[in-house]
Participant: 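Quick one: the structure is below, and I'll ask about it shortly.
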Amino acid sequence: MAIELNIKGKQVTGKFNFGAFYKANKLLSTEQDGVSNGDGAVNLFYGIVTEDVMMLPSAIAVLTPTKLTDEQLSDSVDAMVAAHDGDIDAVFDEVKGELQDSGFSQRRSRIKSNQWTWFGTR
């Protein structure tokens, strides 16, 4: 399964594969004392599962091979919503389905388990 995106007027296919997982950690991770927590993929997953509308542009940024402006990200979200006849719930269902089918969620679970183990040993 893949997500079809309209980026700069062109159709782009996005998948939550290892490259997206890596990019999510690079772009969306929080920092503590200037050090990345490596939790960007977890943050993306949580934002999509809880249907945080502001996480949709981040999901698109992770799925696309090129850097996009804020306007291009917003336009892409608008195009996704329009493609689903204005139904934002359908957009989230599509993105959640792709996350689940891709194994991205299994990676997230392993990360979360490792974080809990790491925090527990401190």
Side-chain angles (χ1 to χ4, degrees):
M1 188 171 158
I3 296 176
E4 294 298 321
L5 303 167
N6 185 331
I7 308 294
K8 302 178 192 175
K10 296 181 182 177
Q11 287 299 111
V12 176
T13 300
K15 287 187 161 208
F16 287 108
N17 54 20
F18 181 78
F21 185 78
Y22 175 82
K23 196 171 179 182
N25 279 335
K26 185 176 176 184
L27 295 176
L28 304 173
S29 290
T30 58
E31 289 187 2
Q32 186 172 8
D33 299 325
V35 178
S36 173
N37 289 321
D39 58 355
V42 172
N43 294 333
L44 177 64
F45 183 84
Y46 181 78
I48 295 301
V49 169
T50 60
E51 298 186 1
D52 178 355
V53 175
M54 299 311 294
M55 195 55 75
L56 287 174
S58 296
I60 293 168
V62 164
L63 291 170
T64 57
T66 59
K67 186 172 177 154
L68 302 174
T69 66
D70 289 343
E71 183 177 350
Q72 291 166 331
L73 289 168
S74 295
D75 289 347
S76 185
V77 170
D78 290 342
M80 285 180 80
V81 173
H84 289 86
D85 298 321
D87 186 354
I88 192 76
D89 292 332
V91 172
F92 276 108
D93 289 344
E94 179 183 10
V95 177
K96 286 180 206 176
E98 173 57 24
L99 279 168
Q100 185 176 5
D101 291 348
S102 70
F104 202 84
S105 58
Q106 285 86 4
R107 289 187 193 104
R108 178 214 153 264
S109 296
R110 283 196 302 268
I111 287 172
K112 196 66 170 170
S113 295
N114 289 341
Q115 285 177 341
W116 284 116
T117 301
W118 182 76
F119 287 125
T121 59
R122 235 179 169 186

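All heavy atoms count here, side chains included; hydrogens, waters and symmetry mates do not. Position 1 is the first residue of the sequence, and the numbers go up from there.
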Participant: With N37, which of N25, T30, N43 fulfils side chain to side chain donor-acceptor pair (under 3.5 Å)?
Facilitator: T30
Participant: How long is the straight-line distance from CG of D87 back to CZ of F92, given to the nearest 0.5 Å?
Facilitator: 11.0 Å
Participant: So which heavy atom on V91 is nearest to which on V81, and how close?
Facilitator: CG2-CA, 3.8 Å
Participant: What is the minimum heavy-atom distance between K23 and P65, and which atoms define it?
Facilitator: NZ-C, 4.3 Å
Participant: Rounded to the nearest 0.5 Å, what's the gap from CD1 on I60 to CG on D75? Could you check?
Facilitator: 10.0 Å
Participant: Do I48 and L56 come within less than 4.5 Å of each other through their side chains, counting heavy atoms only?
Facilitator: yes
Participant: Closer than 3.5 angstrom, by distance alone: can the side chain of S29 be matched with the main-chain N or O of D39 as a donor-acceptor pair?
Facilitator: yes
Participant: Side chains of V95 and M80, heavy atoms from C-beta outward: is any pair under 4.5 Å?
Facilitator: yes
Participant: Nearest 0.5 Å please: distance from the CZ atom of F45 over to the CE atom of M55.
Facilitator: 12.0 Å
Participant: Which pair of non-hydrogen atoms, one from L73 and one from L68, has the smallest distance, and what is that distance?
Facilitator: CD2-CD1, 3.6 Å
Participant: Between the side chain of D33 and the main-chain N/O of V35, is any donor-acceptor distance below 3.5 Å?
Facilitator: no
Participant: Might you point out which heavy atoms bring A24 and V62 nearest each other, and give the distance in Å?
Facilitator: CA-CG2, 3.8 Å
Participant: Hey, are the side chains of D93 and H84 touching, using non-hydrogen atoms and a 4.5 Å cut-off?
Facilitator: no
Participant: Please report the interatomic distance CG(L27) to NZ(K67), rounded to the nearest 0.5 Å.
Facilitator: 8.0 Å
Participant: Any side-chain to backbone donor/acceptor pair from K96 onto E51? Under 3.5 Å, distance only.
Facilitator: no
Participant: Can you establish whether the number of heavy atoms outside Q11 located under 6.0 Å from its atom CD is more than 12?
Facilitator: yes
Participant: Within the structure provided, determine whether E71 and S74 are in side-chain contact (heavy-atom separation under 4.5 Å).
Facilitator: no
Participant: Identify the two heavy atoms, one from S102 and one from F16, that lie closest to each other, and give their separation to 0.1 Å.
Facilitator: CB-O, 3.1 Å
Participant: Ignoring hydrogens, what is the shortest heavy-atom contact between I7 and S76? Give both atom names and the distance.
Facilitator: CD1-OG, 3.3 Å
